[in-house]
*Asks:* 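Would you mind keeping the following structure in view while I ask a few things?
Throughout, numbering of the chain's residues begins at 1 and tracks the sequence.
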Amino acid sequence: RGAIAFKNVQFAYDPARPILKGISFEVPAGKTVAVVGPSGAGKSTLSRLLYRFYDVQEGSITIDGQDVRDVTQKSLRSVIGMVPQDTVLFNDTIAYNIRYGRVTASDAEVEAAAEAAQIADFIRDLPEGFRAMVGERGLKLSGGEKQRVAIARTILKAPPILILDEATSALDTKTEQEIQAALDIVSRNRTTLVIAHRLSTVINADEIIVLKDGVIAERGTHGELIDRG
Ligand code: ADP
Ligand code: ADP
C-alpha cells in the first residue's frame, strides 16, 4: 500500500509565476521515484504538496486513490515519514528526539532504530547513554549526526511512505555515503519520493523524473537518462 499519484498538478506561490505547470507521475507502492532538476525547479514544492504544507491549485495528489485533501493532517503525517533537508532537533535528549511523536515506543525499540540509523555506537559513547546534552545552544551534534537522528525517528515511525528531501545535501562525501546507505535500508519496500540535486545520488531509483521550467522534461531509469546524455 501507499501508492502515490500526481495528476496534472499545478501550483504557484505567486499567481504571476507558476512553479508547477501540470505534473503527472506515479510512485507505485513500495517503489522509489526520484525527482531531480535545477535549483528552484519546484522539487521541494512537490513534496510540500504531498505533505500538505500547501494544497494543489489544479489537479490532484492521491494516496491509494484517495485525494490527500480528504485526509486529515494527522493521518497524513502518520502515513508519511519525512526526512527534511535541515533537521531541527528539540532541545532534549537524543532518545526524546528519536521517540518524538511515538511516546509509547520502548527503549529497546528506540535503540533498534538508532542501530539501524547507525547512531547506536555514537549514543553509547555519550556519558549518560541516551542523555546527550544540551545547554542553551541545544544538542551539539554535527549535521550528519542530526540527519541520523531524523532517520532513526523515521525508522521508529515505520511509515509506508517516505519523503527524502535532499536528505544528504548538507554533508561531506564520506558522511553522505554513510547516510545514503542508511536511507537505502529505510526506503526498501517503502513507497519513496526522493528529491535530489544530482543524478549520481539516485542511481537505484525505479524511475527518475527530471523537472524543468515547471514541466517534466525527461523521465526514465538512471541508465536510460545517462544513455540519452
Ligand atoms: P527546488 O526544490 O527545485 O529547488 P522549490 O520547490 O524549493 O525548488 O522552489 C521552487 C520555486 O518556488 C523557487 O523559485 C522558490 O524561490 C519558490 N518558492 C519556494 N518556496 C516559496 C514560498 N514559500 N513562497 C514563495 N516562493 C517560494
Ligand atoms: P510525527 O507525525 O511523527 O509526529 P511530524 O509530522 O511532526 O512527525 O514531523 C515529521 C518530520 O517532518 C519531522 O522530522 C519534522 O522535523 C519534519 N517537519 C515537521 N514539520 C515541518 C515543517 N513545517 N517543515 C519542515 N519539516 C517539518
Side-chain angles (χ1 to χ4, degrees), residues 2 32-36 43-44 47-48 50-51 77-198 200-205:
T32 296
V33 170
V35 179
V36 304
K43 306 183 294 295
S44 298
S47 69
R48 289 179 209 132
L50 174 60
Y51 210 58
R77 279 162 198 225
S78 71
V79 173
I80 302 175
M82 168 117 112
V83 180
Q85 225 166 343
D86 297 299
T87 301
V88 180
L89 298 180
F90 298 102
N91 194 2
D92 207 309
T93 63
I94 291 179
Y96 175 90
N97 276 282
I98 294 176
R99 191 179 269 124
Y100 172 72
R102 289 291 169 280
V103 286
T104 56
S106 67
D107 285 350
E109 287 172 316
V110 172
E111 217 163 332
E115 190 83 50
Q118 303 169 9
I119 47 173
D121 288 345
F122 165 71
I123 288 175
R124 276 188 218 104
D125 287 344
L126 293 168
E128 292 171 59
F130 280 137
R131 286 228 141 249
M133 271 330 217
V134 179
E136 61 277 13
R137 285 185 297 127
L139 285 167
K140 296 184 182 70
L141 299 182
S142 71
E145 289 159 352
K146 283 184 192 161
Q147 280 299 60
R148 281 180 230 211
V149 172
I151 291 167
R153 179 188 296 164
T154 305
I155 291 169
L156 186 66
K157 185 175 165 180
I161 296 175
L162 271 184
I163 301 174
L164 308 179
D165 190 353
E166 287 173 335
T168 60
S169 62
L171 309 171
D172 62 77
T173 311
K174 180 170 173 288
T175 310
E176 177 171 345
Q177 283 166 358
E178 288 168 4
I179 302 265
Q180 200 61 54
L183 289 175
D184 284 346
I185 294 167
V186 183
S187 61
R188 205 163 292 157
N189 300 321
R190 297 225 159 89
T191 310
T192 307
L193 183 68
V194 186
I195 308 297
H197 270 309
R198 287 174 285 128
S200 59
T201 59
V202 291
I203 292 168
N204 297 323

*Asks:* If you round to the nearest 0.5 Å, how far is CG of Leu156 from OG of Ser106?
*Replies:*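 Between atom OG of Ser106 and atom CG of Leu156 there are 8.5 Å.
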
*Asks:* Looking at every heavy atom in both Thr154 and Met82, which two are closest together, and how far apart are they?
*Replies:*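 Here Thr154 and Met82 meet closest at OG1-O, 4.1 Å.
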
*Asks:* Rounded to the nearest 0.5 Å, how far apart are CZ of Phe90 and OH of Tyr100?
*Replies:*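 One finds 4.0 Å between CZ of Phe90 and OH of Tyr100.
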
*Asks:* How long is the gap from CZ on Arg148 to CZ on Arg153, to the nearest 0.5 Å?
*Replies:*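 Taking CZ in Arg148 and CZ in Arg153, the distance rounds to 16.0 Å.
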
*Asks:* Give the minimum heavy-atom separation between Val79 and Pro160, together with the two atoms involved.
*Replies:*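 In terms of heavy atoms, the two residues are closest at O-CD, 3.2 Å.
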
*Asks:* Ignoring hydrogens, what is the shortest heavy-atom contact between Ala152 and Ala113? Give both atom names and the distance.
*Replies:*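 Taking every non-hydrogen atom into account, O-CB, 3.5 Å.
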
*Asks:* According to side chain to side chain contact (heavy atoms under 4.5 Å, CB included), who are the partners of Thr104, at least two apart in sequence or on a separate chain?
*Replies:*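 Partners of Thr104 under the side chain to side chain contact (heavy atoms under 4.5 Å, CB included) test: none.
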
*Asks:* Ignoring hydrogens and geometry, is there a side-chain-to-backbone donor-acceptor pair from Lys157 to Ile80 under 3.5 Å?
*Replies:*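 Present.
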
*Asks:* Which heavy atom of Arg198 sits nearest to which heavy atom of Val202, and what is that distance?
*Replies:*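 Shortest heavy-atom contact: O-CG2, 3.9 Å.
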
*Asks:* List in chain and number order the residues that pass side-chain hydrogen bond (donor to acceptor under 3.5 Å, both in side chains) with Ser44, two or more places apart in sequence or in another chain; answer none if no residue qualifies.
*Replies:*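 With neighbours one apart ignored, the set is Asp165.
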
*Asks:* Report the residues that fulfil side chain to side chain contact (heavy atoms under 4.5 Å, CB included) with Ala116, sequence neighbours left out, ordered by chain and then residue number.
*Replies:*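 With neighbours one apart ignored, the set is Ile155.
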
*Asks:* In Å, rounded to the nearest 0.5 Å, how long is the span from CG of Leu89 to CD1 of Ile98?
*Replies:*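 With rounding to 0.5 Å, CG (Leu89) is 9.5 Å from CD1 (Ile98).
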
*Asks:* Can you name the residues that form a side-chain hydrogen bond (donor to acceptor under 3.5 Å, both in side chains) with Arg190, not counting sequence neighbours?
*Replies:*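 So Arg190 forms no side-chain hydrogen bond (donor to acceptor under 3.5 Å, both in side chains) with any residue.
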
*Asks:* With sequence neighbours left out, write down each residue that passes side chain to side chain contact (heavy atoms under 4.5 Å, CB included) with Asp184, or none if nothing qualifies.
*Replies:*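 Gln180, Asn204.
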
*Asks:* Are Thr87 and Glu145 close enough that some pair of their side-chain heavy atoms sits under 4.5 Å apart?
*Replies:*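 Contact flag for Thr87/Glu145 side chains = no.
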
*Asks:* Rounded to the nearest 0.5 Å, how far apart are CG of Leu183 and OG1 of Thr32?
*Replies:*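 Going from CG on Leu183 over to OG1 on Thr32, the span is 10.5 Å.
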
*Asks:* Looking at every heavy atom in both Val83 and Ala150, which two are closest together, and how far apart are they?
*Replies:*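 That would be CG1-CB, 4.3 Å.
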
